[in-house]
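Please read the structure below before turning to the comments.
A note on names: the letters A, B, ... follow the listed sequences, proteins ahead of strands, and every chain is numbered from 1. Computation of the quantities below employed the complete heavy-atom set of this structure, encompassing side-chain atoms and omitting hydrogens, waters and symmetry-equivalent molecules. From a predicted model like this one, the values you see are computed outputs, not experimental measurements.
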2 protein chains.
Amino acid sequence: MSASSDAEGPRIGRREANRRATEEAILNAAETIFAEAGFGGATMQLIAGLAGLPKANLHYYFASKEELYRRVVERIFQIWLEAARAMDDAPGPAEGIAAYIDAKMEISRRHPNGSKVWASEVMHGAPVIQDYLETTLRDWTAGRAAVIQGWIDAGKMAPTDPQHLLYMLWAATQHYADFGHQIEVLNGGPLGDADWRAARESVKRVILRGIGVAV
Amino acid sequence: MSASSDAEGPRIGRREANRRATEEAILNAAETIFAEAGFGGATMQLIAGLAGLPKANLHYYFASKEELYRRVVERIFQIWLEAARAMDDAPGPAEGIAAYIDAKMEISRRHPNGSKVWASEVMHGAPVIQDYLETTLRDWTAGRAAVIQGWIDAGKMAPTDPQHLLYMLWAATQHYADFGHQIEVLNGGPLGDADWRAARESVKRVILRGIGVAV
DNA sequence: CTGCAATCTGACCATACGGTCAGAAAAGGA
DNA sequence: TCCTTTTCTGACCGTATGGTCAGATTGCAG
């Protein structure tokens with residue numbers, strides 16, 4: 001068990017690598033617990049247990065429960081923003097909105113806990129991400145609404161309130177994460193590849209046809 | 001201040017009337033607090049304060065926090081079921097689905113807290129309403145899916161997976177309650193009559209056109 | 001009016017939680 | 001190797017919470 005055999009990166013020592021891995025593990029555990037129990041129902045003990053650490057060690061990496069929660073929410077917001085780029089550089093709604101639906105459905109499948117934490121945060125009045133809503137999200141939404149309006153003006157899609165269309169896109173896609181439990185019960189079990197494909201195609205078909213884009 | 005002047009009903013004495021009024025007040029307060037803080041974040045003290053009662057009195061009417069929460073969720077489920085009847089007895093999707101969207105949008109506007117509690121409950125794995133999901137909701141969903149399939153077979157609407165269509169209806173309408181805070185921020189303030197009408201018409205237009213029904 | 005049952009409430013209790021801290025253990029540089 | 005810094009941890013603390021209870025108060029039947 002020599003101490004210098006791995007040497008993968010030139011910069012990062014074992015200290016730094018361990019630190020990052022531990023922080024990541026804590027954030028993952030926290031995301032799960034916050035999604036399952038909500039902020040109030042989550043306990044540092046539960047998070048520590050899932051991360052495989054003593055509770056006191058959590059407070060070495062994250063000063064407080066609030067800070068840990070904030071970090072979790074911020075991480076989710078980053079993923080959200082990356083998916084939002086799927087809509088960029090599309091020549092029209094047929095490609096842009098289809099790509100956006102695909103990206104958001106993929107997030108609902110891969111990061112259901114993140115989506116749930118985000119939903120919970122917004123439902124409770126966005127106590128920690130209010131500024132994100134008022135700045136980043138607001139700007140992004142306004143920009144996308146303008147693009148959609150441009151498509152309408154160019155006759156590429158039927159007149160539709162861009163703002164409410166965006167809400168419908170968020171709602172339809174995030175529903176598969178936030179209400180995943182209900183869907184699984186009604187489906188008689190977890191969704192498989194075919195189920196997810198059917199869901200994705202259903203959402204795309206209804207919405208694209210709904211805005212007057214041929215499918 | 002005589003004690004027998006009101007005498008409105010023949011059956012209900014003052015005792016019973018008071019009891020019902022107090023229970024209602026507690027349930028209303030609990031719905032608000034549970035929606036704002038989640039089950040874990042809600043405290044009996046907060047609920048009691050909002051209801052204008054000492055905390056100990058809550059435990060006279062509801063044995064535990066869990067029972068109070070269960071009663072709140074069950075009450076919401078009843079409202080949900082009543083709205084579901086809007087889809088019944090419709091000759092086709094144009095009327096039935098439009099009426100259902102109208103009914104669900106009205107619930108999102110009138111009972112946003114109830115919708116949030118329901119969403120939170122489902123997101124956390126439906127610990128108290130699992131049996132409702134597996135019985136009442138499952139049966140209702142299967143029945144409605146059959147009706148929709150009948151409309152498709154009769155050529156009244158475009159072929160669309162009925163299950164996923166129902167999910168989209170739930171998602172699009174409940175989004176205005178569950179994510180109401182986010183919508184208000186992006187809207188620059190609370191939604192007025194015109195905003196709600198625009199939202200309702202947008203949802204109906206996209207979905208009805210999306211399933212091949214002329215608007 | 002009288003007695004009984006229903007209703008109400010302040011004070012109290014055990015528990016669980018977020019957070020702290022002194023000191024042990026480990027890692028890295030000289 | 002020795003010393004410093006970082007990392008880790010069991011034990012502990014103050015507080016807030018859900019829940020209890022004895023006793024006061026109130027409505028109602030006889």
Short side-chain N/O contact to C:dC8 OP1/OP2 from B:Y61, under 4.0 Å: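 The answer is yes; a side-chain N or O of B:Y61 sits under 4.0 Å from OP1 or OP2.
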Side-chain N or O of B:Y60 closer than 4.0 Å to phosphate OP1/OP2 of C:dT7: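 Affirmative; the distance criterion is met.
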Side chain to side chain, A:Q182 and B:L133, heavy atoms closer than 4.5 Å: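 Yes, at least one pair of side-chain atoms sits under 4.5 Å.
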Is the shortest heavy-atom distance from the side chain of A:L208 to the side chain of A:M157 under 4.5 Å?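 Side-chain contact under 4.5 Å: no.
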Output the single nucleotide from C:dT7, D:dT6, D:dT17 whose closest atom is nearest the side chain of B:R19.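 Nearest to the side chain of B:R19 among the choices is C:dT7.
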Compare the minimum distances between each of D:dC8, C:dA6, C:dG18 and the side chain of A:N57, then state the nucleotide with the smallest one.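 Side chain of A:N57 sits closest to D:dC8.
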Without decimals, in angstroms, what is the distance between [X] [atom1] and [N] [atom2]?
X     : N      : atom1 : atom2 : answer
A:N18 : C:dA25 : CG    : P     : 19 Å
A:I47 : C:dG19 : CD1   : P     : 11 Å
A:R20 : D:dT7  : CZ    : P     : 12 Å
A:Q45 : C:dT15 : CD    : P     : 17 Å
A:L58 : D:dT7  : CG    : P     : 15 Å
B:E16 : C:dA5  : CD    : P     : 18 Å
A:F62 : D:dT7  : CZ    : P     : 13 Å

Could you list, one pair per line, each protein nitrogen or oxygen that sits under 3.5 Å from a nitrogen or oxygen of nucleotides 19-25 of chain D, together with the distance?
from: D:dG19; atom 1: OP2; to: B:H59; atom 2: NE2; distance (Å): 3.4
from: D:dG19; atom 1: OP2; to: B:K65; atom 2: N; distance (Å): 2.7
from: D:dG19; atom 1: N7; to: B:K55; atom 2: NZ; distance (Å): 3.1
from: D:dG19; atom 1: O6; to: B:K55; atom 2: NZ; distance (Å): 2.7

Got more than 12 heavy atoms from elsewhere within 6.0 Å of CG, A:D89?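 12 or below, so no.
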Do other residues, nucleotides or ligands put more than 12 heavy atoms under 6.0 Å from the CG atom of A:D139?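 Atom CG in A:D139 is crowded, with more than 12 foreign heavy atoms closer than 6.0 Å.
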When the ring planes of B:F34 and B:Y69 are compared, do they come out parallel, tilted or perpendicular, using 30° and 60° as the limits?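 Rings of B:F34 and B:Y69: perpendicular, over 60°.
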If you measure from the Lys or Arg side-chain nitrogens to the Asp or Glu carboxylate oxygens, is any gap between A:R19 and A:E23 under 4.0 Å?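 Looking at A:E23 together with A:R19, the answer is yes, because their closest N to O distance falls below 4.0 Å.
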For B:F39 and B:E66, what are the C-alpha separation, side-chain angles and deciding distance, and is it a side-chain contact (heavy atoms from CB on, under 4.5 Å)? CA-CA 9 Å; B:F39 179 81; B:E66 273 81 6; 3.8 Å; yes
Report the residue (A:L53 or B:T43) whose heavy-atom-nearest nucleotide on DNA chain D is the more 5′ of the two.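 In this pair, the answer is A:L53.
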Does A:A48 reach a base, just sugar-phosphate, or nothing at all? Heavy atoms under 4.0 Å.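 The answer is nothing, as A:A48 stays clear of every strand by at least 4.0 Å.
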